[in-house]
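First up is the structure itself, then whatever we jot down about it.
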Amino acid sequence: MKFIGRDDKETIFSRFRSHVSSGKADFFKAVGIDFVFGRRQGPFVWDATSSKRLINCHCNGGVFNLGHRHPRIISALKESLEELDIGNHHLVSEMRAALGAKIAALTPGDLSYTVFGVGGGEAIDLAIKLARGHTGRLNVVSAGGGYHGHTGLALATGDARYRDPFGPNPPGFRQVPFDDKAALSAAVDADTAAVIFETIPATYGIPIPQADFYQHARSLCDQSGALLIIDEVQTGLGRTGRMWGIEHFGVVPDIMVIGKGLSGGIYPMAATCFRPALEALFHQNPFIHISTFGGAEVGVPVAMAVLEETARPGFLEHVRELSHTFRAGFAIMKEKHPEILVGLRQLGLMMGIEMVNPQCGPVLTKTLYDHGILSVYANNDTRVSQLLPPLIIDEALAAEILERVDRGLADAKAFLGL
Ligand SMILES: Cc1ncc(COP(=O)(O)O)c(C=O)c1O
């Protein structure tokens, strides 16, 4: 291999500590996760300097929905490199036109326009700009514990601990408890530009909202003239067993944001999709929002391949079948480990392992790592460990993940003295 395994672990850690992030290098050493992302294929990733193998159940929140280096995605990029480059972000683009049309055909309702970005935070920023520009209003209501990114307006929707060190929040942002219809009703009024939610808040521990929560949000927005922004960065592209998580709730948002998985794990791509009426803002001034690399042409065939692969017959059925396997497996584990396991929060393969106290998430991250599973606890509710396996795993690997989680839970229980 040309790029992987050239240096030994000590050299990599020392360089990373000196030139990239001293805090991360020290943290991962201290917690015994001295893994260096090495060879990767399908659901697996190997340490660059040893034979340790992990099943990737973190998937960077959905980046690796199709696994690592999916053959179709790799060949899409190879073909695209034969002809394309970044393109020009000001001019009319054949590739972006084709991708915009493809996304319009696959997204709910009349979300027919797309502005492309590089990452989720940028795409959320644009969603909020669009809502403010369209409504002429300032206020944005989001969920406590929610997470939409670390960039400007996305950061402003999130929790104080991520933004307080960087100065006061800009005006107009307000949080309400997630899935609280009364609190949302009280917060939305004639000054509200947008209500923004992740369909299922991942960083907040994958709480599954009540079946009518989004219908309630939709009608509040309709009554007040606010726009409903739905963040599908993690729940989109098949993760929940439907193409888009919001489809489970029978609601069409005004703006929907896609990221992570759209990259195929190969070329960054994010999208802010919206209804035709909102396009008027850009029609008047098409240069009011610019992203040099957003919708880079060379990445378009990759995103196309992701969309085609996810929409192909049988793909979502497979996700739903796997979700039954995990549901049944966790029901058994709940009987076995009642001292630690509260239950599985689940919509398709968007899964959160809910445990009894806030120490459990970090400890399970480590014990699962020791048992060959890469996963991460939910930062804004550390009782929960996120479990996001690639959507392409087979039943045998699902059974293996369950068996490893079983052992990880037993070790976490012992470590915590539960
Ligand atoms: C739900 C959600 N929205 C937005 C973002 C921001 O995406 P990015 O890191 O690509 O800016 C993330 C990232 O984790 C996310 O999980």
Side-chain angles (χ1 to χ4, degrees), residues 21 24 56-65 114-131 140 142-159 161-163 166 173 175 178-179 194-209 214 228-240 244-246 253 255-273 291-296 299 302-303 306 345 347-352 374-381 384-388:
S21 170
K24 279 188 190 171
N56 193 347
C57 292
H58 175 231
C59 281
N60 296 20
V63 170
F64 299 109
N65 278 342
T114 292
V115 170
F116 296 100
V118 178
E122 175 190 339
I124 293 285
D125 284 356
L126 176 64
I128 293 170
K129 280 169 68 176
L130 185 52
V140 176
S142 61
Y147 176 69
H148 300 284
H150 280 332
T151 52
L153 299 174
L155 181 69
T157 65
D159 281 13
R161 65 182 160 135
Y162 303 113
R163 47 182 163 78
F166 308 108
F173 289 90
Q175 289 187 322
F178 182 65
D179 197 21
V195 170
I196 177 167
F197 292 119
E198 298 161 78
T199 307
I200 300 167
T203 309
Y204 193 42
I206 324 229
I208 310 298
Y214 285 114
L228 180 62
I229 304 174
I230 290 295
D231 178 341
E232 286 273 337
V233 167
Q234 291 217 25
T235 47
L237 296 166
R239 170 60 54 190
T240 66
W244 313 107
I246 196 66
I255 307 177
M256 193 173 95
V257 175
I258 316 169
K260 293 198 188 270
L262 196 59
S263 70
I266 289 287
Y267 201 96
M269 184 70 72
T272 307
C273 313
S291 173
T292 303
F293 298 137
V302 168
V306 168
R345 297 175 173 183
L347 195 59
L349 292 184
M350 184 92 189
M351 297 184 287
L374 180 62
S375 69
V376 175
Y377 58 91
N379 219 13
N380 291 350
D381 184 351
V384 178
S385 187
Q386 301 169 342
L387 190 68
L388 304 181

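As the structure lists them, so they are numbered: ligands from 1, and atoms in each ligand from 1. Residue numbers count from 1 along this sequence.
Here the side chain of Thr235 pairs no donor or acceptor atom with the backbone of Gly245 at under 3.5 angstrom. Remark: side-chain polar atoms of Asp159 are not paired, donor with acceptor, to backbone N or O of Arg161 under 3.5 angstrom. A donor-acceptor pair is defined here as one N or O able to donate and one able to accept, closer than 3.5 Å; no such pair exists between the side chain of Glu232 and the backbone of Thr199.
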Show, in sequence, the C-alpha distance, side-chain angles and deciding distance for Leu388 and Met350, and conclude whether the side-chain contact (heavy atoms from CB on, under 4.5 Å) test is met.
CA-CA 6 Å; Leu388 304 181; Met350 184 92 189; 4.2 Å; yes

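Ranking the protein heavy atoms by distance from atom 7 (O) of ligand 1 puts Gly120 CA, 3.3 Å first. The shortest contact between atom 12 (C) of ligand 1 and any protein heavy atom is with Tyr147 CE2, 3.7 Å. Summary of contacts: the protein heavy atom closest to atom 3 (N) of ligand 1 is Asp231 OD2, 2.7 Å.
Classification of the His150-Tyr162 ring pair by plane angle, with boundaries at 30° and 60°, yields tilted.
Side-chain contact between Tyr147 and Asn379: absent, with no pair of heavy atoms (C-beta onward) separated by less than 4.5 Å.
Less than 4.0 angstrom separates atom 9 (O) of ligand 1 from none of the non-hydrogen atoms of the protein.
Under 4.0 Å from ligand 1, the heavy atoms of Lys260 that appear belong solely to its side chain.
An N or O contact shorter than 3.5 Å is missing between Glu198 and ligand 1 by distance. Remark: ligand 1 and Gly121 share an N or O pair separated by less than 3.5 Å (distance only, no angle test). Every N/O-N/O distance between Ile124 and ligand 1 stays at or above 3.5 Å.
Shortest non-hydrogen contact noted between Ala154 and Gly121 is CB-O, 4.0 Å.
Counting only non-hydrogen atoms, the option in Met269, His148, Gln234 that gets closest to atom 4 (C) of ligand 1 is His148.
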